[in-house]
Amino acid sequence: MLALVDCNNFFVSCEKVFNPKLEGQPVVVLSNNDGVIVARSKEAKALGIPMGAPRFQCDDLLKKYQVVVLSSNFSLYSDMSQRVMQTIQSLGYDFEVYSVDEAFLSFEGDKKEQARFLSQAQEVREVILQWTGIPVSIGIAQTKTLCKAANYFAKQGDGKHVVLIAEEVRKEYLERLGLQEVWGIGSKSCERLKKKGIFTAWDLSACSDQFLRKELSVVGLRIAMELRGIPCLHVEEVRAPRKSISTARSFVQPLFLLDEIQAELARYTGRVCEDLRSEKSLASCISVWYEAKDAVVSANKAYDMRSSILQEPTASTSELISQAKALFTILYKGGLKYKKVGVLLSDLVPEEGFQQDLFSAPALSQERKKEAKKAKVMQVIDQLNAEFGAQTIRFAAEAVKSRCKRELCAWDELPIVSV
DNA sequence: TCTGGGGTCCTAGGACCC
DNA sequence: TCTGGGGTCCTAGGACCC
């Protein structure tokens with residue numbers, strides 16, 4: 001059997017751990033630039049505040065019910081996520097970290113041992129709550145997609161927290177699960193299928209394979225199989241290396257000047273490179289892109305991107321910053337109002353034993369030495385930043401301050417503990 | 001009038017997830 | 001006036017090869 005552990009209202013729960021006064025209050029957490037609502041406490045959900053809604057659209061509701069509105073603190077959430085995952089690990093389960101707030105666990109044993117699975121799940125829940133302060137819900141079933149469904153029911157606020165969908169009750173649950181709640185069925189597919197008379201998870205699972213293949217490709221077929229209790233997705237204990245790493249930000253006010261935008265890009269490049277090195281990967285390709293306002297008026301593109309393939313894969317911040325700046329220089333059009341820019345590293349290869357370019361081999365020893373030297377410098381920078389805090393050492397090209405709006409952080413008030 | 005068949009690789013765009 | 005950020009997978013179509 002599989003189990004899906006899903007943290008309840010994760011970002012809000014993290015905030016509550018450090019500010020217990022928030023308990024019982026309607027709380028929302030905002031995205032970067034305080035733009036949209038990305039997490040809600042159960043009290044905020046009850047007020048009808050929608051997920052993913054632009055904040056300004058909810059201003060009236062937020063004010064009326066005195067909702068506590070917080071800017072996001074992603075480094076905190078990622079730290080708390082690690083604590084939750086470490087707790088699961090210490091309990092000795094085979095598991096897959098699926099997202100910042102979810103993990104799939106394998107429960108050994110015969111599928112008939114329902115009572116045992118339920119009590120195991122209860123224990124997992126209690127230990128996580130006690131050790132980290134984060135409440136979780138757990139869905140247990142034969143397949144990942146059914147676990148997701150079970151988890152949905154576990155979250156329905158009847159104080160259950162743990163739900164097991166056994167074969168005998170599968171139909172009953174799936175008939176109660178709306179199509180839009182099925183994992184992998186998004187709004188587009190949902191609309192299309194409803195027109196064809198498919199409204200519940202059960203309806204979907206009962207469609208012919210041929211129909212599913214045609215309407216939703218192999219993806220839809222897989223979902224239906226999983227809903228029927230036939231596993232198509234397995235628990236991946238070892239995380240596959242990432243295929244791309246990117247950073248992009250929108251600005252509160254559009255930027256115009258080449259220098260300013262390049263400094264931003266350099267900062268993002270610094271970040272992605274740090275990520276890249278912590279993955280122990282090298283990038284073979286770098287891309288830079290922008291989104292602009294009023295581009296139509298100026299007859300320029302509202303979105304554009306340039307990429308360059310690197311001669312040798314690298315994780316050197318200095319090299320990638322100069323590549324990023326060069327790419328943006330090509331893209332840059334004076335007078336455009338840039339509202340967002342981003343950097344993307346792709347074609348990532350493992351740091352160890354990457355395929356070397358046959359034709360560059362003669363020059364390799366020299367190049368190799370240079371590369372090794374650069375890698376050493378990067379390593380020292382990463383160590384210093386890890387020890388003394390992010391951006392203790394950075395490249396001169398990188399913009400110093402974030403241009404993001406985050407007005408609703410109360411973290412400066414936290415006391416500092418000296419050990 | 002009749003114009004093969006089988007394959008790979010790349011890219012852009014769509015859809016989805018958290 | 002103000003609408004986030006970071007990913008993955010799949011498909012279709014074009015170019016190209018033998």
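Predicted, not measured: the structure shown is a model, and the values here were computed from it. Just so it is clear, the values below take in all heavy atoms, side chains as well, and ignore hydrogens, waters and symmetry mates. In the text below, chain A, chain B and the rest are named by the order of the sequence lines, each starting its count at 1.
For the pair A/Ser189 and B/dC16, the criterion of a side-chain N or O lying under 4.0 Å from OP1 or OP2 is met. For the OP1/OP2 pair of C/dC10 and a distance below 4.0 Å, the side-chain nitrogens and oxygens of A/Arg222 include at least one atom meeting the criterion. Dashed line: the shortest gap from a side-chain N or O of A/Ser244 to OP1 or OP2 of C/dT8 is under 4.0 Å. Remark: A/Lys148 is not in phosphate contact with B/dC17, judged by side-chain N or O atoms under 4.0 Å from OP1 or OP2. Here A/Arg242 reaches the OP1 or OP2 of C/dG7: one of its side-chain N or O atoms lies under 4.0 Å away. Distances shorter than 4.0 Å separate none of the side-chain N or O atoms of A/Lys339 from OP1 or OP2 on C/dC2. Distances shown here put every side-chain N or O of A/Arg213 at or beyond 4.0 Å from the OP1 or OP2 atom of C/dC10. Dashed line: the shortest gap from a side-chain N or O of A/Lys340 to OP1 or OP2 of C/dG5 is under 4.0 Å.
Under a 4.0 Å N-O distance rule, the pair A/Glu264/A/Arg249 does not qualify as a salt bridge. Ion pair A/Arg222/A/Glu226 not flagged as a salt bridge, since none of the NZ, NE, NH1 or NH2 atoms sits closer than 4.0 Å to an Asp/Glu carboxylate oxygen. Ion pairing between a basic and an acidic side chain is recognised when a charged N comes within 4.0 Å of a carboxylate O; A/Arg239 and A/Glu279 show such pairing. Ion pair A/Glu274/A/Arg394 not flagged as a salt bridge, since none of the NZ, NE, NH1 or NH2 atoms sits closer than 4.0 Å to an Asp/Glu carboxylate oxygen. For A/Asp275 and A/Arg242, the salt-bridge test passes: some basic side-chain N is under 4.0 Å from an acidic carboxylate O.
When distances are taken from the side chain of A/Ile245 to each of C/dG7, C/dT11, C/dT8, the shortest belongs to C/dG7. Distances from the side chain of A/Thr247 to the nucleotides C/dC10, C/dG6, C/dT3 place C/dG6 closest.
Judged by closest nucleotide on DNA chain C, A/Asn32 is the one of A/Val218 and A/Asn32 placed further toward the 5' end.
Across all strands shown, C/dG5 is found opposite B/dC18 as a Watson-Crick or G-U wobble partner, with both distances under 3.5 Å.
Between the C1' atoms of B/dC17 and C/dG4, the separation comes to 15 Å (whole Å).
The residue A/Ser72 sits apart from the nucleic acid: no heavy atom pair falls under 4.0 Å.
Residue A/Asn33 contributes atom CG, which lies 13 Å from atom P of C/dC2 at whole-angstrom precision.
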